[in-house]
There are 2 protein chains.
Amino acid sequence: MQTQNTISLESSRHPTSILTRQARVEGPFGMIGMPMRFARNSEIYGEDEASEYLYQVVSGAVRTYKILEDGRRQIGAFYLPGDIFGFEAGETHISSAEAVSETRVIVVKRAALMVRATHEKDLARQLWDATAQELRRFQEHLMLLICSAEDRVIGFLHDMAHRTVKNAAIELPMSRQDIADYLGLTIETVSRTFTQLEQNGVISLPTSRRVELRNRAMSNRIMAA
Amino acid sequence: MQTQNTISLESSRHPTSILTRQARVEGPFGMIGMPMRFARNSEIYGEDEASEYLYQVVSGAVRTYKILEDGRRQIGAFYLPGDIFGFEAGETHISSAEAVSETRVIVVKRAALMVRATHEKDLARQLWDATAQELRRFQEHLMLLICSAEDRVIGFLHDMAHRTVKNAAIELPMSRQDIADYLGLTIETVSRTFTQLEQNGVISLPTSRRVELRNRAMSNRIMAA
DNA sequence: CGCGTAGTTGACACTATTCAATGTCTGTGG
DNA sequence: CCACAGACATTGAATAGTGTCAACTACGCG
């Protein structure tokens, strides 16, 4: 049922240095990287694969996830344009990554970055910062998972809101199922919570994927960023 | 009600280079560090403090935690002898840290380590490995929080079991409340789950702090390490 | 021995899940 | 342009699993 993997540059999964004919783009940390395209629901990398590359989202959105043995899926994080992912400090990925929607990314060779970082203090610093941010994200996510369904959804929307354009409606790239799997809830509970929040005037829902934050009740909630 | 902070070396919270008269000890990454002692429930560092030091547990146990605005406490991790903590890749701590029981640690200046890491590839590698482990810990913890109470407790015990001596009874240094705050459950649910697991022959509980794993039902559970 | 802390147990309330049905949106073909 | 299929989302009713509140027990320490 999954859209077929579609990658713009080549048939093999990852770019090689041969592909220099392709326009190259300013990527994470000012490094030159290869642009790539992923179709909705296509895999970007798999869990336990060697983490050869590091990615920066240009457009679209990415989810990382793990599947539990009972079949449930836990989404670890969503990455939006500008975000860097696939760099987990270790030699192998700790999650799989998929495109939530049609997504463009810039890809950089991890090893090359790491080597460069040994003599460029600034780059090393940026890598540590990116990792620190990743740790903070995990921590925030953890805090969400011990809250009520309402607080989880509010926390999620709050996070999305401040990661996208301020004071504007949030355009959610992900489905209710994605949100449910991120928040450790069922799709029904997420849906019910959305409608409930709308009825309470906390949000409005012009369409199911578009959310406007009405009430500043948001601010009283959870930890600020 | 909290035991008064008791630190063996000095009255101020952290060691200074003046304290060279004190015996020094092989610390994390083979670096020389200062030994310190913390009484049960005493603070090792606070959230948002500058992360000046990095710690390795010698004996005892440490918990890191955050307090939510509703007063609940979320424990992020427990650190046992040999574990390194307080190094979160950023300039400030993302959690507070306390001694679970009377605890001895070795303290190393973070800045010094980072500087040394720029020209010692091996040390740099060890720092990245430690960070990767920390990320993996967060991820595992996240997976636990979306499970049932029973699976959370089993997952927790499983984790504790393979972090301490194999094939032996686990001696839990932390209270039921600590476990509850780690697993996002109430103390009552944790307690009930323990007795339930004992009745089902999965564990035995010679004392409330000592757990013996009976059944290999453990193995069918959650992700292995 | 008695006190205080930690842990266990019970009854009940409440929240989220489950299972099932209905509703909505979008793209495709008639 | 409309009708239809399929995916996505919402809603309802019944149930299961935790939380809450309160009482009780066990243990360690003076």
Side-chain angles (χ1 to χ4, degrees), chain A residues 1-4 39-41 63 68 70-74 100-102 144-157 171-200 203-211, chain B residues 1-3 39-41 61 63 68 70-74 100-102 144-157 171-200 203-211:
Chain A
M1 206 65 48
Q2 182 160 301
T3 314
Q4 191 204 329
R40 197 166 91 96
N41 295 329
R63 59 176 174 253
L68 283 78
D70 63 7
R72 276 180 308 160
R73 176 184 68 162
Q74 173 62 31
V100 169
S101 55
E102 181 77 15
L144 270 193
L145 291 192
I146 64 164
C147 294
S148 68
E150 180 172 323
D151 285 351
R152 293 191 218 189
V153 170
I154 290 177
F156 167 72
L157 291 176
E171 192 69 40
L172 298 174
M174 70 289 286
S175 69
R176 292 287 186 270
Q177 186 64 61
D178 285 335
I179 298 172
D181 290 348
Y182 177 76
L183 296 177
L185 298 170
T186 59
I187 185 175
E188 293 96 330
T189 300
V190 171
S191 188
R192 270 186 262 270
T193 307
F194 267 102
T195 38
Q196 192 180 310
L197 288 175
E198 186 175 35
Q199 282 166 358
N200 298 348
I203 62 173
S204 78
L205 283 167
T207 79
S208 66
R209 295 289 184 102
R210 171 170 288 266
V211 185
Chain B
M1 207 61 47
Q2 183 162 299
T3 313
R40 197 165 92 96
N41 295 328
R63 60 177 172 251
L68 283 78
D70 63 9
R72 275 179 310 159
R73 176 184 68 161
Q74 173 62 31
V100 169
S101 55
E102 181 76 16
L144 270 193
L145 292 191
I146 64 165
C147 294
S148 67
E150 180 172 324
D151 285 351
R152 293 191 219 191
V153 170
I154 290 176
F156 167 72
L157 291 176
E171 192 68 42
L172 299 174
M174 69 290 286
S175 68
R176 293 286 187 270
Q177 186 64 63
D178 285 336
I179 298 172
D181 289 349
Y182 177 76
L183 296 178
L185 298 170
T186 59
I187 185 176
E188 293 95 333
T189 301
V190 171
S191 188
R192 269 186 263 271
T193 307
F194 268 103
T195 35
Q196 192 180 310
L197 287 175
E198 185 174 36
Q199 283 165 358
N200 297 348
I203 62 173
S204 78
L205 283 168
T207 79
S208 67
R209 295 289 183 103
R210 172 172 288 267
V211 185

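Proteins come first, then strands; the chains are lettered A, B, ... in the order of their sequence lines, and each starts at number 1.
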A/Ser148 side chain, from C-beta outward: closest of D/dG12, C/dA16, D/dT18: C/dA16

Protein-nucleotide distance (B/Leu205, atom CG; C/dT9, atom C1'), rounded to Å: 15 Å

B/Ser175 side, atom OG; B/Arg209 side, atom CZ - distance, nearest 0.5 Å: 5.5 Å

Touch class at under 4.0 angstrom, heavy-atom based, for A/Thr189 against every strand present: base

Closest nucleotide among D/dA9, C/dG7, D/dT18 to the B/Ser191 side chain: C/dG7

Rounded distance (Å) that lies between atom P of D/dA9 and atom CD of A/Gln196: 19 Å

Spacing between B/Ile146 atom CD1 and C/dT17 atom P, to the nearest angstrom: 11 Å

Atom-to-atom span, CD of A/Glu188 to P of D/dA16 - whole angstrom: 17 Å

Any A/Arg40 side-chain nitrogen or oxygen under 4.0 Å from OP1 or OP2 of D/dC8: yes

Spacing between A/Arg72 atom CZ and C/dA16 atom P, to the nearest angstrom: 16 Å

Closest nucleotide among D/dT11, D/dG19, D/dC21 to the B/Thr186 side chain: D/dG19

Base of D/dC8 paired with side chain of A/Gln177 (donor-acceptor, under 3.5 Å): no

Separation of D/dT18 C1' from B/Asp181 CG (nearest whole Å): 15 Å

Pair B/Asp178 + B/Arg73, salt bridge at N-O below 4.0 Å: yes

Nearest-Å distance for atom pair CD1/P, residues A/Ile187 and D/dT10: 8 Å

Candidate pair A/Arg210 and A/Glu171, rule salt bridge (Lys or Arg N to Asp or Glu O under 4.0 Å), full reasoning: CA-CA 5 Å; A/Arg210 171 170 288 266; A/Glu171 192 69 40; 2.6 Å; yes

Out of C/dT9, D/dT10, C/dT17, whichever nucleotide has its closest atom nearest the side chain of A/Arg192: C/dT17

Listed nucleotide nearest any side-chain atom of A/Arg176, set C/dG7, D/dG12, D/dT10: D/dT10

Side chain of A/Thr195 - closest among D/dT11, C/dT17, D/dT20: D/dT11

Below 4.0 Å: OP1/OP2 of C/dA6 and any side-chain N or O of B/Arg209: no

Side-chain (B/Ser191) to main-chain (B/Ile187) donor-acceptor, under 3.5 angstrom: no

B/Glu198 side, atom CD; B/Ser204 side, atom OG - distance, nearest 0.5 Å: 6.5 Å

Separation of atom CE in B/Met174 from atom P in C/dG7, rounded to whole Å: 11 Å

